[in-house]
Amino acid sequence: MTVLFEKTRWNATAEKMKSGDKEAAGKIFDHFSPLIYRYFMGKTLNRPVSEDLTQDVFLKVIDKIGTFDKKTGNFTAWIWKIAKNRLIDHYREKKSVPLYEFMIEGDEPSAGPETIHKKILAEDISRAVKSLKPEEQEIFSLYYFADLPYKEISRLTEKTEGALRILIHRTNNKLKKILR
Amino acid sequence: MKNGIDNFLYKLRLRSVLKKHVKIDRNFSIRAKQAFLDEFDRKFAGKPVIPYWRRHIWRYSFLSASAILVINGSAIVFADQANVKASSPLYPFKRASESIRLKLASSEQKPYLRYKFAQRRIEEINDLAAATDNSSAEKIKDLSDDFHNQLDGVLDKLDNGNINKIERSKLCQSAHDIVSEYNQASPNYPEDMADLEARCKTNNSRLKNMPDNSKNQASTDKKKKDGVNMNDKNSSYGGNRGRD
(Lines give C-alpha, C1' and ligand atoms only; values in the text may rest on other atoms or scores of the structure.)
Protein backbone atom coordinates (compact mmCIF):
# COMPACT_ATOMS: atom_id res chain seq x y z
CA MET A 1 0.00 0.00 0.00
CA THR A 2 2.80 2.38 1.01
CA VAL A 3 4.75 1.44 -2.12
CA LEU A 4 1.70 2.13 -4.27
CA PHE A 5 1.11 5.49 -2.56
CA GLU A 6 4.78 6.43 -3.00
CA LYS A 7 4.65 5.43 -6.65
CA THR A 8 1.60 7.58 -7.36
CA ARG A 9 3.03 10.46 -5.34
CA TRP A 10 6.36 10.55 -7.18
CA ASN A 11 4.75 9.98 -10.55
CA ALA A 12 2.55 13.01 -9.99
CA THR A 13 5.50 15.09 -8.76
CA ALA A 14 7.53 14.07 -11.81
CA GLU A 15 4.65 15.07 -14.09
CA LYS A 16 4.62 18.47 -12.41
CA MET A 17 8.37 18.80 -12.88
CA LYS A 18 7.96 17.83 -16.51
CA SER A 19 5.53 20.70 -16.99
CA GLY A 20 8.07 23.15 -15.56
CA ASP A 21 7.16 23.21 -11.87
CA LYS A 22 10.35 24.21 -10.04
CA GLU A 23 8.96 23.38 -6.61
CA ALA A 24 8.28 19.81 -7.73
CA ALA A 25 11.87 19.58 -9.02
CA GLY A 26 13.13 20.72 -5.62
CA LYS A 27 11.01 18.10 -3.86
CA ILE A 28 12.40 15.36 -6.10
CA PHE A 29 15.94 16.47 -5.37
CA ASP A 30 15.35 16.64 -1.61
CA HIS A 31 13.87 13.16 -1.50
CA PHE A 32 16.10 11.23 -3.86
CA SER A 33 19.50 12.90 -3.51
CA PRO A 34 20.37 11.45 -0.05
CA LEU A 35 19.24 7.97 -1.14
CA ILE A 36 21.17 8.04 -4.39
CA TYR A 37 24.22 9.49 -2.67
CA ARG A 38 24.19 6.71 -0.08
CA TYR A 39 23.81 4.13 -2.84
CA PHE A 40 26.88 5.51 -4.59
CA MET A 41 28.74 5.59 -1.28
CA GLY A 42 27.88 1.97 -0.72
CA LYS A 43 29.21 1.09 -4.15
CA THR A 44 32.24 3.34 -4.49
CA LEU A 45 33.12 4.02 -0.82
CA ASN A 46 34.37 7.36 -2.04
CA ARG A 47 32.77 10.62 -0.99
CA PRO A 48 33.88 12.98 -3.81
CA VAL A 49 33.04 10.37 -6.45
CA SER A 50 29.61 9.78 -4.88
CA GLU A 51 28.95 13.51 -4.85
CA ASP A 52 29.93 13.87 -8.50
CA LEU A 53 27.83 10.91 -9.51
CA THR A 54 24.82 12.19 -7.54
CA GLN A 55 25.08 15.56 -9.23
CA ASP A 56 25.40 13.91 -12.65
CA VAL A 57 22.27 11.86 -12.02
CA PHE A 58 20.18 14.94 -11.30
CA LEU A 59 21.50 16.79 -14.34
CA LYS A 60 20.55 13.74 -16.37
CA VAL A 61 17.08 13.80 -14.78
CA ILE A 62 16.56 17.35 -16.06
CA ASP A 63 17.87 16.37 -19.46
CA LYS A 64 15.64 13.29 -19.76
CA ILE A 65 12.52 14.33 -17.84
CA GLY A 66 10.72 14.94 -21.15
CA THR A 67 10.94 11.23 -21.94
CA PHE A 68 9.42 10.13 -18.65
CA ASP A 69 5.91 8.79 -19.09
CA LYS A 70 4.06 7.69 -16.00
CA LYS A 71 1.88 5.37 -18.09
CA THR A 72 4.82 3.20 -19.03
CA GLY A 73 6.64 3.12 -15.71
CA ASN A 74 7.09 4.66 -12.34
CA PHE A 75 9.38 7.53 -11.54
CA THR A 76 11.25 5.83 -8.69
CA ALA A 77 12.32 2.98 -10.96
CA TRP A 78 13.13 5.48 -13.71
CA ILE A 79 15.47 7.60 -11.57
CA TRP A 80 17.17 4.53 -10.10
CA LYS A 81 17.78 3.23 -13.58
CA ILE A 82 19.56 6.50 -14.37
CA ALA A 83 21.63 6.15 -11.18
CA LYS A 84 22.57 2.57 -12.01
CA ASN A 85 23.54 3.46 -15.57
CA ARG A 86 25.61 6.36 -14.33
CA LEU A 87 27.49 4.02 -12.01
CA ILE A 88 28.14 1.58 -14.86
CA ASP A 89 29.52 4.47 -16.92
CA HIS A 90 31.68 5.48 -13.99
CA TYR A 91 33.21 2.02 -13.75
CA ARG A 92 33.91 2.08 -17.46
CA GLU A 93 35.77 5.39 -17.25
CA LYS A 94 37.18 4.75 -13.77
CA LYS A 95 40.60 6.29 -13.24
CA SER A 96 40.77 6.99 -9.53
CA VAL A 97 41.30 4.46 -6.74
CA PRO A 98 38.56 4.47 -4.05
CA LEU A 99 39.58 6.41 -0.95
CA TYR A 100 37.24 4.60 1.47
CA GLU A 101 36.36 7.94 2.86
CA PHE A 102 33.14 7.95 4.80
CA MET A 103 31.40 11.12 5.73
CA ILE A 104 31.53 11.53 9.48
CA GLU A 105 30.00 14.53 11.16
CA GLY A 106 32.53 16.49 13.22
CA ASP A 107 35.44 14.83 11.48
CA GLU A 108 37.95 17.50 12.45
CA PRO A 109 41.59 16.81 13.45
CA SER A 110 40.85 17.92 17.03
CA ALA A 111 37.86 15.59 17.40
CA GLY A 112 37.35 13.69 20.67
CA PRO A 113 37.07 9.98 21.50
CA GLU A 114 33.51 9.74 20.11
CA THR A 115 34.70 10.79 16.66
CA ILE A 116 37.55 8.34 16.84
CA HIS A 117 35.07 5.59 17.70
CA LYS A 118 32.89 6.63 14.75
CA LYS A 119 35.90 6.60 12.47
CA ILE A 120 36.83 3.10 13.56
CA LEU A 121 33.26 1.97 12.92
CA ALA A 122 33.27 3.67 9.52
CA GLU A 123 36.50 1.91 8.61
CA ASP A 124 34.98 -1.39 9.73
CA ILE A 125 31.96 -0.80 7.52
CA SER A 126 34.20 0.11 4.56
CA ARG A 127 36.17 -3.06 5.10
CA ALA A 128 32.99 -5.12 5.38
CA VAL A 129 31.44 -3.65 2.22
CA LYS A 130 34.71 -4.07 0.34
CA SER A 131 34.76 -7.75 1.26
CA LEU A 132 31.44 -8.40 -0.45
CA LYS A 133 31.09 -9.74 -3.99
CA PRO A 134 30.00 -7.11 -6.58
CA GLU A 135 26.50 -8.60 -6.75
CA GLU A 136 26.17 -8.63 -2.95
CA GLN A 137 27.56 -5.12 -2.77
CA GLU A 138 24.94 -3.92 -5.23
CA ILE A 139 22.04 -5.42 -3.30
CA PHE A 140 23.56 -4.33 0.01
CA SER A 141 23.88 -0.72 -1.20
CA LEU A 142 20.36 -0.61 -2.52
CA TYR A 143 18.90 -2.21 0.60
CA TYR A 144 20.89 -0.58 3.40
CA PHE A 145 22.29 2.62 1.93
CA ALA A 146 19.53 3.62 -0.47
CA ASP A 147 16.78 2.27 1.79
CA LEU A 148 14.84 0.78 -1.10
CA PRO A 149 12.15 -1.87 -0.48
CA TYR A 150 12.58 -5.40 -1.89
CA LYS A 151 9.99 -4.74 -4.56
CA GLU A 152 11.91 -1.77 -5.95
CA ILE A 153 15.28 -3.59 -5.79
CA SER A 154 13.70 -6.56 -7.52
CA ARG A 155 12.61 -4.33 -10.38
CA LEU A 156 16.03 -2.72 -10.69
CA THR A 157 18.12 -5.88 -10.47
CA GLU A 158 15.64 -8.19 -12.21
CA LYS A 159 15.86 -10.67 -9.34
CA THR A 160 12.90 -12.16 -7.53
CA GLU A 161 12.07 -10.88 -4.06
CA GLY A 162 12.74 -14.34 -2.63
CA ALA A 163 16.22 -14.43 -4.16
CA LEU A 164 16.90 -10.96 -2.79
CA ARG A 165 15.89 -11.97 0.74
CA ILE A 166 18.25 -14.93 0.60
CA LEU A 167 21.05 -12.73 -0.70
CA ILE A 168 20.52 -10.10 2.01
CA HIS A 169 20.44 -12.84 4.65
CA ARG A 170 23.72 -14.29 3.35
CA THR A 171 25.30 -10.83 3.23
CA ASN A 172 24.18 -10.13 6.78
CA ASN A 173 25.85 -13.31 8.02
CA LYS A 174 29.06 -12.33 6.25
CA LEU A 175 28.99 -8.82 7.71
CA LYS A 176 28.25 -10.10 11.20
CA LYS A 177 31.45 -12.08 11.11
CA ILE A 178 33.47 -9.10 9.92
CA LEU A 179 31.90 -6.47 12.16
CA ARG A 180 31.89 -8.62 15.32
CA MET B 1 11.82 -17.46 16.07
CA LYS B 2 14.67 -16.05 18.13
CA ASN B 3 16.92 -16.07 15.07
CA GLY B 4 14.29 -14.23 13.06
CA ILE B 5 13.97 -11.50 15.69
CA ASP B 6 17.76 -11.27 15.99
CA ASN B 7 18.09 -10.87 12.24
CA PHE B 8 15.40 -8.23 12.16
CA LEU B 9 17.02 -6.22 14.95
CA TYR B 10 20.41 -6.63 13.31
CA LYS B 11 19.05 -5.22 10.05
CA LEU B 12 17.52 -2.25 11.84
CA ARG B 13 20.76 -1.58 13.75
CA LEU B 14 22.92 -1.86 10.66
CA ARG B 15 20.63 0.39 8.67
CA SER B 16 20.63 3.06 11.36
CA VAL B 17 24.46 2.89 11.74
CA LEU B 18 24.91 3.21 7.99
CA LYS B 19 22.45 6.08 7.71
CA LYS B 20 24.21 7.86 10.53
CA HIS B 21 27.67 7.45 9.11
CA VAL B 22 27.00 7.75 5.41
CA LYS B 23 25.32 11.12 5.50
CA ILE B 24 25.25 13.45 2.55
CA ASP B 25 27.36 16.54 3.24
CA ARG B 26 25.06 19.46 3.96
CA ASN B 27 27.17 21.95 1.98
CA PHE B 28 27.32 19.63 -0.98
CA SER B 29 23.57 19.11 -0.80
CA ILE B 30 22.89 22.86 -0.89
CA ARG B 31 25.36 23.41 -3.75
CA ALA B 32 24.08 20.48 -5.76
CA LYS B 33 20.46 21.52 -5.32
CA GLN B 34 21.26 25.05 -6.46
CA ALA B 35 23.09 23.70 -9.53
CA PHE B 36 20.17 21.37 -10.22
CA LEU B 37 17.60 24.16 -9.98
CA ASP B 38 19.74 26.51 -12.10
CA GLU B 39 19.94 23.86 -14.79
CA PHE B 40 16.20 23.34 -14.45
CA ASP B 41 15.63 27.09 -14.96
CA ARG B 42 17.87 27.05 -18.04
CA LYS B 43 15.95 24.15 -19.55
CA PHE B 44 12.50 25.54 -18.82
CA ALA B 45 13.36 29.22 -19.41
CA GLY B 46 10.64 30.92 -21.45
CA LYS B 47 8.37 27.89 -21.36
CA PRO B 48 5.02 28.70 -19.79
CA VAL B 49 4.31 26.56 -16.76
CA ILE B 50 1.09 24.72 -17.39
CA PRO B 51 -0.30 23.47 -14.09
CA TYR B 52 -0.78 19.73 -13.84
CA TRP B 53 -4.54 20.03 -13.35
CA ARG B 54 -4.89 22.16 -16.49
CA ARG B 55 -3.14 19.60 -18.65
CA HIS B 56 -5.59 16.99 -17.43
CA ILE B 57 -8.66 19.18 -17.29
CA TRP B 58 -10.59 17.02 -19.78
CA ARG B 59 -9.92 13.89 -17.78
CA TYR B 60 -11.04 15.57 -14.55
CA SER B 61 -14.10 17.04 -16.25
CA PHE B 62 -15.09 13.66 -17.63
CA LEU B 63 -14.61 11.95 -14.27
CA SER B 64 -16.57 14.67 -12.46
CA ALA B 65 -19.40 14.54 -15.00
CA SER B 66 -19.51 10.73 -14.76
CA ALA B 67 -19.59 10.87 -10.98
CA ILE B 68 -22.40 13.45 -11.01
CA LEU B 69 -24.32 11.36 -13.54
CA VAL B 70 -23.98 8.17 -11.51
CA ILE B 71 -24.93 9.88 -8.23
CA ASN B 72 -27.93 11.68 -9.73
CA GLY B 73 -29.00 8.57 -11.63
CA SER B 74 -28.88 6.49 -8.46
CA ALA B 75 -30.79 9.15 -6.52
CA ILE B 76 -33.47 9.32 -9.24
CA VAL B 77 -33.93 5.54 -9.35
CA PHE B 78 -33.94 5.25 -5.57
CA ALA B 79 -36.38 8.15 -5.06
CA ASP B 80 -38.78 6.67 -7.61
CA GLN B 81 -38.55 3.09 -6.35
CA ALA B 82 -38.89 4.09 -2.71
CA ASN B 83 -41.73 6.52 -3.56
CA VAL B 84 -40.24 9.08 -1.17
CA LYS B 85 -42.52 11.58 0.59
CA ALA B 86 -42.85 15.22 -0.46
CA SER B 87 -40.91 16.30 2.62
CA SER B 88 -37.91 14.13 1.69
CA PRO B 89 -34.77 15.84 0.33
CA LEU B 90 -34.86 13.29 -2.48
CA TYR B 91 -38.34 14.37 -3.57
CA PRO B 92 -37.09 16.53 -6.51
CA PHE B 93 -35.38 13.38 -7.84
CA LYS B 94 -38.70 11.53 -7.72
CA ARG B 95 -40.37 14.29 -9.74
CA ALA B 96 -37.45 14.24 -12.18
CA SER B 97 -37.90 10.50 -12.55
CA GLU B 98 -41.61 10.98 -13.29
CA SER B 99 -40.81 13.57 -15.97
CA ILE B 100 -38.32 11.20 -17.58
CA ARG B 101 -40.78 8.32 -17.51
CA LEU B 102 -43.46 10.48 -19.11
CA LYS B 103 -41.03 11.62 -21.82
CA LEU B 104 -40.06 8.05 -22.61
CA ALA B 105 -43.56 6.54 -22.44
CA SER B 106 -45.60 5.89 -25.57
CA SER B 107 -48.75 7.99 -26.13
CA GLU B 108 -50.88 5.00 -25.11
CA GLN B 109 -49.06 4.51 -21.84
CA LYS B 110 -48.96 8.18 -20.88
CA PRO B 111 -52.50 8.50 -19.43
CA TYR B 112 -51.91 5.47 -17.20
CA LEU B 113 -48.65 6.90 -15.96
CA ARG B 114 -50.29 10.25 -15.32
CA TYR B 115 -53.05 8.48 -13.42
CA LYS B 116 -50.45 6.77 -11.27
CA PHE B 117 -48.63 10.06 -10.62
CA ALA B 118 -51.92 11.80 -9.77
CA GLN B 119 -52.52 9.10 -7.18
CA ARG B 120 -49.06 9.71 -5.79
CA ARG B 121 -49.88 13.41 -5.41
CA ILE B 122 -52.98 12.54 -3.37
CA GLU B 123 -50.87 10.32 -1.09
CA GLU B 124 -48.33 13.09 -0.69
CA ILE B 125 -51.02 15.69 0.06
CA ASN B 126 -52.46 13.36 2.72
CA ASP B 127 -49.00 12.91 4.25
CA LEU B 128 -48.37 16.64 4.29
CA ALA B 129 -51.82 17.43 5.67
CA ALA B 130 -51.11 15.05 8.55
CA ALA B 131 -47.89 16.90 9.37
CA THR B 132 -48.27 20.18 11.25
CA ASP B 133 -45.55 21.98 9.38
CA ASN B 134 -45.77 25.67 8.41
CA SER B 135 -44.24 25.07 4.98
CA SER B 136 -46.82 22.34 4.20
CA ALA B 137 -49.39 24.75 2.76
CA GLU B 138 -47.04 25.89 0.01
CA LYS B 139 -46.06 22.33 -0.78
CA ILE B 140 -49.71 21.23 -0.87
CA LYS B 141 -50.39 24.01 -3.38
CA ASP B 142 -47.52 22.77 -5.54
CA LEU B 143 -48.72 19.17 -5.31
CA SER B 144 -52.28 20.22 -6.13
CA ASP B 145 -51.06 22.05 -9.22
CA ASP B 146 -49.25 18.94 -10.32
CA PHE B 147 -52.33 16.82 -9.64
CA HIS B 148 -54.35 19.09 -11.95
CA ASN B 149 -51.65 18.77 -14.61
CA GLN B 150 -51.59 15.01 -14.37
CA LEU B 151 -55.36 14.80 -14.50
CA ASP B 152 -55.42 17.06 -17.56
CA GLY B 153 -52.97 14.64 -19.14
CA VAL B 154 -55.31 11.73 -18.40
CA LEU B 155 -58.35 13.57 -19.71
CA ASP B 156 -56.54 14.62 -22.89
CA LYS B 157 -57.10 11.06 -23.97
CA LEU B 158 -60.86 11.69 -23.75
CA ASP B 159 -60.52 14.76 -25.98
CA ASN B 160 -58.52 13.20 -28.77
CA GLY B 161 -61.45 10.93 -29.65
CA ASN B 162 -59.34 7.98 -30.68
CA ILE B 163 -60.55 5.82 -27.86
CA ASN B 164 -63.13 3.08 -27.66
CA LYS B 165 -66.29 3.15 -25.64
CA ILE B 166 -65.29 0.68 -22.93
CA GLU B 167 -61.97 2.33 -22.29
CA ARG B 168 -63.58 5.78 -22.25
CA SER B 169 -66.14 4.79 -19.66
CA LYS B 170 -63.40 3.23 -17.50
CA LEU B 171 -61.27 6.30 -17.87
CA CYS B 172 -64.18 8.54 -16.83
CA GLN B 173 -64.97 6.33 -13.87
CA SER B 174 -61.31 6.28 -12.75
CA ALA B 175 -61.06 10.05 -13.15
CA HIS B 176 -64.28 10.49 -11.20
CA ASP B 177 -62.96 8.29 -8.35
CA ILE B 178 -59.62 9.97 -8.19
CA VAL B 179 -61.06 13.49 -8.29
CA SER B 180 -63.44 12.62 -5.43
CA GLU B 181 -60.51 11.29 -3.48
CA TYR B 182 -58.45 14.36 -4.30
CA ASN B 183 -61.18 16.82 -3.36
CA GLN B 184 -61.34 15.20 0.05
CA ALA B 185 -57.56 15.36 0.47
CA SER B 186 -57.14 18.91 -0.79
CA PRO B 187 -60.36 20.88 -0.26
CA ASN B 188 -58.55 24.23 -0.67
CA TYR B 189 -57.66 23.58 -4.33
CA PRO B 190 -60.57 21.50 -5.58
CA GLU B 191 -60.81 19.98 -9.03
CA ASP B 192 -63.95 20.94 -10.90
CA MET B 193 -66.02 17.75 -10.83
CA ALA B 194 -68.76 19.32 -12.96
CA ASP B 195 -66.22 20.07 -15.69
CA LEU B 196 -64.99 16.49 -15.59
CA GLU B 197 -68.51 15.11 -15.90
CA ALA B 198 -69.24 17.50 -18.74
CA ARG B 199 -66.12 16.34 -20.60
CA CYS B 200 -67.10 12.72 -20.13
CA LYS B 201 -70.63 13.41 -21.33
CA THR B 202 -69.56 15.43 -24.37
CA ASN B 203 -67.22 12.74 -25.48
CA ASN B 204 -69.73 10.02 -24.87
CA SER B 205 -72.15 11.79 -27.18
CA ARG B 206 -69.38 12.19 -29.78
CA LEU B 207 -68.62 8.53 -29.41
CA LYS B 208 -72.05 7.48 -30.53
CA ASN B 209 -71.24 8.78 -34.02
CA MET B 210 -67.92 6.96 -34.19
CA PRO B 211 -67.32 3.35 -35.22
CA ASP B 212 -65.84 1.21 -32.47
CA ASN B 213 -62.11 0.91 -32.97
CA SER B 214 -61.22 -2.74 -32.90
CA LYS B 215 -57.53 -1.92 -32.79
CA ASN B 216 -58.05 0.11 -29.67
CA GLN B 217 -60.11 -2.71 -28.23
CA ALA B 218 -57.26 -5.11 -28.87
CA SER B 219 -54.87 -2.66 -27.27
CA THR B 220 -57.14 -2.35 -24.23
CA ASP B 221 -57.35 -6.12 -23.93
CA LYS B 222 -53.60 -6.35 -24.10
CA LYS B 223 -53.22 -3.74 -21.36
CA LYS B 224 -55.69 -5.64 -19.25
CA LYS B 225 -53.55 -8.71 -19.73
CA ASP B 226 -50.41 -6.75 -18.86
CA GLY B 227 -52.06 -5.38 -15.74
CA VAL B 228 -52.36 -1.74 -16.77
CA ASN B 229 -56.12 -1.40 -16.30
CA MET B 230 -56.76 1.69 -14.24
CA ASN B 231 -59.76 0.18 -12.50
CA ASP B 232 -57.87 -2.89 -11.45
CA LYS B 233 -56.70 -2.15 -7.90
CA ASN B 234 -53.82 -4.60 -8.31
CA SER B 235 -52.59 -3.29 -11.65
CA SER B 236 -49.33 -1.47 -11.98
CA TYR B 237 -50.96 1.77 -13.21
CA GLY B 238 -54.28 2.21 -11.54
CA GLY B 239 -55.51 1.74 -8.00
CA ASN B 240 -52.14 0.95 -6.56
CA ARG B 241 -52.09 3.61 -3.91
CA GLY B 242 -50.16 2.61 -0.88
CA ARG B 243 -48.21 0.00 -2.76
CA ASP B 244 -45.42 2.23 -4.28
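The chains referred to below are lettered A, B, ... by the order of the sequence lines, with proteins before strands, and numbering in each begins at 1.
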If you measure from CD on A/Glu23 to CG on B/Leu37, what distance do you get to the nearest 0.5 Å? 11.0 Å
Taking every heavy atom of B/Phe44 against every heavy atom of A/Ile65, the minimum-distance pair comes out as CZ-CG2, 4.1 Å
Determine, step by step, whether A/Phe29 and B/Ser29 satisfy the side chain to side chain contact (heavy atoms under 4.5 Å, CB included) criterion, reporting the C-alpha distance in whole Å, the side-chain angles of both residues, the deciding distance to 0.1 Å, and the verdict. CA-CA 9 Å; A/Phe29 184 90; B/Ser29 183; 4.3 Å; yes
Using only non-hydrogen atoms and a strict under-4.5 angstrom cutoff, which residues of residues 50-60 of chain A touch chain B? A/Glu51, A/Thr54, A/Gln55, A/Phe58, A/Leu59
B/Phe40 versus A/Lys22, closest heavy-atom pair with distance: CE2-CA, 3.5 Å
At a heavy-atom distance under 4.5 Å, which candidate from B/Arg31, B/Glu39, B/Arg42 has the highest pair count against chain A? B/Glu39
Can you tell which part of A/Tyr39 gets under 4.5 Å to a heavy atom of chain B, answering side chain, backbone, both or neither? neither
Least distance between heavy atoms, B/Lys33 atom then A/Asp30 atom: NZ-OD2, 2.9 Å
